Protein chains: 2
Amino acid sequence: MSTQMGSQAVERASALLSLIVESGAPRTFSSLVDELGLAKSTTSRLLQALERSRLVHRDRTGAFRPGVLFLVHAARPSALHDLSELARPTMERLSELSRETVNLAVPRGNQVVQIDQVDSRYLIGATSWVGVDVPAHCTALGKVLYAYGALQLPPGDLECRTPHSPVDRRQFDHALVEVRRRGWAAALDELELGLAAVGAPVRAVDGTVIAAVSVSGPTSRVNDFGIPKLGDLLVAELRGLSALLGHHPARKEGVA
Amino acid sequence: MSTQMGSQAVERASALLSLIVESGAPRTFSSLVDELGLAKSTTSRLLQALERSRLVHRDRTGAFRPGVLFLVHAARPSALHDLSELARPTMERLSELSRETVNLAVPRGNQVVQIDQVDSRYLIGATSWVGVDVPAHCTALGKVLYAYGALQLPPGDLECRTPHSPVDRRQFDHALVEVRRRGWAAALDELELGLAAVGAPVRAVDGTVIAAVSVSGPTSRVNDFGIPKLGDLLVAELRGLSALLGHHPARKEGVA
DNA sequence: CCCCAATGTTCCATAACATGGAACCAGTGT
DNA sequence: ACACTGGTTCCATGTTATGGAACATTGGGG
């Protein structure tokens, strides 16, 4: 192996950095030491270097957190744009297979914000949603994000948009269980009569759901395509996208 | 110098990474080579290592962008929480000095989202704003973010909340010029009668404004304190915060 | 109050690894 | 076909990372 690839120190430092960033919680020095199996001294030096470069930050408790550089990036308006770029190929493929509108959304604050869209191939289809503010519990994207804890359902009554909108919190919670079981969510005529959507999660390396993708169109066409078929299609395609984000869903051995 | 601090490779790699992340735009290989003055070969190897670790990503044009790790972090709901933590001491100090409510906001999409708040020391003061959706052009935070290009003023009429709300776009643009000149923005009775706020920007290492902090309270008390005094206070305190983010505003030599 | 345990950092001899110059390869324009 | 820019691979060299052990530092516990 190792066709002579240089930069071992950098790789080790990067590994440290990844651990720190990927685990949401602050990491302690020793946890890093024995997770990577490096000498204490080496780990210490590498972390110092990363700290000097503001890539990690050591909080008052002595634990390591992502450094300011990550902060600066996250605070940029453009931060989410990169995700769209990464997701584009997948979305295009979904668009081609389903011929319906494909949307990408992330949780932000306590809202679902749509950050990208590939339009339907049909003349009649879901129109641009980007930026539009809708009750999340009536959407497939929202359900996915709620189901996987990427978003908290705010207390209070559930807004009702159509006779099919979910209104009972108990029932809704149950629906979320079902979403987790299947791996995808559907919203048929719940936001607007005649509008249907199916959505599934995008996972980061640690399994956290950080985004959702949906396919949406007229209920009739979506039904014709087959809701479960669409759900499975989404799940399959998004598995690939999650892999790009470093997520390996139970790592099948198979191909080297 | 160099009291023997080890990890030169890591520092170089980190420098590359910082350049890539801090400049909003994708960086080309050669621009990196001659900005850091490293050998082409060295740069190439370091970048390869960073790419293997998913810290940078090479887009189809061959330019380098922040890698998935940054994406994953930015997409985390918790991403902005770190900024709050970093800003907390500054905000506390501002709270203590002004005794009024202090707010921290970042641009997100095309909206101002408040991510942290230190409550007024008075019994009567600005109440919690976090998450509340208000017309940004009527707020000090909004004005700051608009003034420094962290946010684009959407086309269309300016919503009018009080007789003092800015409504004329021409006048508003002029006001923004003034904000840039002074370094801080004020909004007196513009959002709600009797509510006043003064805000100033937080800058990242490259000078980009990535957030804003405001002090707000009853117009009478804020006036008593002195608007310009408050403005200057904010600017002074936030200079320190920006420094934590790596911003050095014209680097005074002074102390080592 | 002292001693021990846990957690990190600094030292240092060793050699492994990163380094940069040059050769090399792939496009691209002329 | 040729020169040129932009990037990667090769390789001998010695600079620089490495890990074990010694050395701080902190924090309990008896």
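Since the model is a prediction, treat every value here as computed from it, not as a measurement. Below, read A as the first sequence line, B as the second, and so on, with proteins coming before strands; counting in each chain starts at 1.
Residue A:Gln48 places at least one side-chain N or O closer than 4.0 Å to OP1 or OP2 of C:dT10. Between A:Arg45 and the phosphate of D:dT18, there is a side-chain N or O to OP1/OP2 separation shorter than 4.0 Å. Note on B:Gln8: a side-chain N or O is less than 4.0 Å away from OP1 or OP2 of C:dT19. Look at B:Arg58 and you'll find a side-chain N or O under 4.0 angstrom from OP1 or OP2 of D:dT8. Between C:dT9 and A:Ser44, a contact under 4.0 Å exists linking OP1 or OP2 to a side-chain N or O. Side-chain N/O atoms of A:Arg12 include one lying less than 4.0 angstrom from OP1 or OP2 on D:dG19.
The aromatic rings of A:His73 and B:Phe70 sit perpendicular, their planes meeting at an angle over 60°, well past the 30° parallel limit.
Between the P atom of D:dT18 and the CG atom of A:Leu38 lies a distance of 8 Å, rounded to the nearest Å. Residue A:Leu36 contributes atom CG, which lies 12 Å from atom P of D:dG19 at whole-angstrom precision. In this structure, B:Leu47 atom CG and D:dG6 atom P are separated by 16 Å, rounded to whole Å. For A:Leu16 and C:dG8, the CG to C1' distance is 15 Å, given to the nearest whole Å.
Between A:Pro66 and A:Leu71, every side-chain heavy-atom pair lies at or beyond the 4.5 Å cut-off. A 4.5 Å side-chain heavy-atom check between A:Arg88 and A:Asp116 finds at least one atom pair inside the cut-off.
When every heavy atom of A:Glu35 is checked against every heavy atom of A:Leu19, the shortest pair comes out as OE2-CD2, 3.5 Å. The heavy-atom pair separating A:Ala9 from A:Leu46 by the smallest distance is O-CD2, 4.2 Å. Shown here for A:Ser14 and B:Leu55, the closest heavy-atom pair between the two residues is OG-CD1, 3.4 Å. Nearest heavy-atom pair, B:Ser84 versus B:Leu104, reported as atom, atom and distance to 0.1 Å: CA-CD2, 3.8 Å.
Using modelled atom types, no side-chain atom of B:Ser44 and backbone atom of B:Lys40 make a donor-acceptor pair closer than 3.5 Å.
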Between the protein and nucleotides 22-27 of chain D, which nitrogen or oxygen pairs come in under 3.5 angstrom?
none

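A cation-pi contact links A:Arg203 to A:Tyr148, judged by a cut-off of 6.0 Å to the six-membered ring centre and 45° from its axis.
Within residues 25-33 of chain B, no residue has a heavy atom under 4.0 Å from DNA chain C.
Side chain A:Ser41 to base C:dG8: no donor-acceptor pair is found below 3.5 Å. Donor-acceptor pairing under 3.5 Å, judged by distance alone, is absent between the side chain of B:Thr43 and the base of D:dG7.
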